[in-house]
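These notes concern the structure reproduced below.
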Amino acid sequence: MIALRIDDIPVQAEPGQTILDAAKAAGIRIPTLCHLPGLSPVGACRLCLVEIRNWNGKLVPACATPVQEGLDVVANSDRLRELRRTILELLFAERNHICAFCVANGHCELQDLAAELGMDHVRFPYRFPPLPLDASHAKFGIDHNRCILCGRCVRACSEVEGAMTWGFAGRGIFTLVAADLGDPWGDSKTCTGCGKCVQACPTGALFEKGRATGEQEKRPAIVAALTERRPRAQG
Amino acid sequence: MPKVRVATAWFSGCSGCHMSFLDLDERLLEFAGKAELVYSPIVDIKEFPDSVDVTLIEGAVGTSEHLHLLAEIRRKTRLLVAFGDCAVTGNVPSLRNPIPRGEVLHAVYGDGSIPGLEEGEVPQLLPQALPLHAVVRVDHFLPGCPPPPDRIWKFLRQLLAGKEPELAPQDLRFG
Ligand code: SF4
Ligand code: SF4
Ligand code: SF4
Ligand code: FES
């Protein structure tokens, strides 16, 4: 067992566990967005940043940092709250989030976190980028206006369904998730139509057709449930 | 105690925030006991009065007229409140923002001479519908599309009592 401290509470963790796992086991909440149990951690959104006191206050993503003996972790502080709020504001400023008539209104992890972290407005200028919506798939659609590039769809499709339909195309703020080599999703030769990407998506970016405003509820826990039921060979 | 001088204004919004305000129902009596509504789309006063304590503005800044009125309101108001998502984020009116202004107006009014492209009988449409705080200093933000009456009341009551309004996470939700 590895002994560390999180928010001044002594915590025991297994080797290989992340700071996020250890905190969760100790009942300490750290907000996450790109992390989804059952998928590999990527540390993409930085919402789970924590401070390591005995590393000179260095900031690390809790979801992608393994526990180490003697770590002194700050999971909640004014500095972290301010950083997390700033990250959320940047996510909102980067695309077009119009919650009032989003399919995921009321069931969106981004919207929930903004409320939880006290984001009453966005201090950065909105970019209002012109972005497409792809409704070519028979069952699903993707609205890039709502995408936060967390990659949960990409990982669910490759790591759980094994279809590898989704990937990232472009660079920086011009990045878009893309099916196959940028074809319309409906023309994809790899997509099995399983809908795991839709369930994994934390926002209204991926949705089932026929859902109106506020109707798209997600079941992201399905990913962990599936991976637990069919454990992979240990290697 | 003198009554708090309150104003409300309506920019690029659907009036839903004002409807939600009217849905305060019997609480409007308590409001009337503590506040005087000195300017609002629901009272017949044309000029924005001097020395207003609190002004709630619904809607995004979408036209040249909003720009002028916003500057005047800011000058004459102690506490400016962005009232509802359109005022706080741009929300629905900002849907037009990625599209060039001329294209939007032609799509609505057809070909030929169209109102709003230039300053004229109707005010000029700004290139983008912006949240209030992109243009002036805003003191408080009251999100929601529209903010539910309970949320408005929680917020207003604190303001009318001379307190800094504080909203719990569940009252900060957009949408
Ligand atoms: S994805 Fe979430 S945050 Fe974005 S518009 Fe939809 S409900 Fe709002
Ligand atoms: S529906 Fe399934 S196979 Fe198709 S892209 Fe989504 S996860 Fe991949
Ligand atoms: S589509 Fe959804 S799951 Fe995929 S990257 Fe965008 S927000 Fe994340
Ligand atoms: S949840 Fe850890 S970086 Fe996104």
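Values below: every heavy atom of this structure, side chains too, minus hydrogens, waters and symmetry copies. Residue numbers begin at 1 in each chain, while the letters A, B, ... track the order of the sequences.
- The candidate with the highest count of non-hydrogen atom pairs below 4.5 Å against chain B, out of A:Pro125, A:Ala93, A:Cys102, A:Cys99, is A:Cys99.
- Other residues, nucleotides and ligands contribute at most 12 non-hydrogen atoms within 6.0 Å of the CD atom of B:Glu166.
- With a 4.5 Å cut-off on non-hydrogen atoms, A:Pro129 touches chain B through its backbone but not through its side chain.
- Judged by distance alone, the side chain of A:Gln111 and the main-chain N or O of B:Phe174 form a donor-acceptor pair under 3.5 Å.
- Heavy-atom distances place the backbone of B:Ala129, and not its side chain, under 4.5 Å from chain A.
- Taking B:Val88, B:Leu172, B:Ile99, B:Val138 one by one and counting their heavy-atom pairs under 4.5 Å with chain A, the maximum is reached by B:Leu172.
- For CZ of A:Phe124, the number of neighbouring non-hydrogen atoms (other residues, nucleotides, ligands) closer than 6.0 Å is greater than 12.
- A:Arg171 CZ: 12 or fewer foreign heavy atoms inside a 6.0 Å radius.
- In this structure, chain B has heavy atoms under 4.5 Å from both the backbone and the side chain of A:Asp120.
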### Message
Walk me through whether A:Tyr126 and B:Thr89 qualify under side-chain contact (heavy atoms from CB on, under 4.5 Å).
### Response
CA-CA 8 Å; A:Tyr126 287 90; B:Thr89 73; 3.5 Å; yes
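- Across B:Pro131, B:Pro98, B:Pro143, the residue that shares the most heavy-atom pairs under 4.5 angstrom with chain A is B:Pro98.
- In terms of heavy-atom pairs under 4.5 angstrom with chain A, the leader among B:Ala134, B:Cys86, B:Ser94 is B:Ser94.
- Of all non-hydrogen atoms in A:Gly106 and B:Arg173, the two that sit nearest each other are CA-NH1, 4.2 Å.
- B:Gln170 does not touch chain A: none of its heavy atoms, backbone or side chain, sits under 4.5 Å away.
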### Message
Test side-chain contact (heavy atoms from CB on, under 4.5 Å) on B:Leu95 and A:Ile98; report intermediate values, then the result.
### Response
CA-CA 8 Å; B:Leu95 265 182; A:Ile98 301 175; 3.6 Å; yes
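- Looking at A:Asp112, both its backbone and its side chain come within 4.5 Å of chain B, counting heavy atoms on both sides.
- Of the possible polar contacts, none joining the A:His121 side chain to the B:Leu142 backbone as a donor-acceptor pair under 3.5 Å is found.
- Sparse packing is recorded around CZ of A:Arg219, with 12 or fewer heavy atoms of other residues, nucleotides or ligands lying under 6.0 Å away.
- More than 12 heavy atoms of other residues, nucleotides or ligands lie within 6.0 Å of CH2 in B:Trp153, so this atom counts as buried by the packing criterion.
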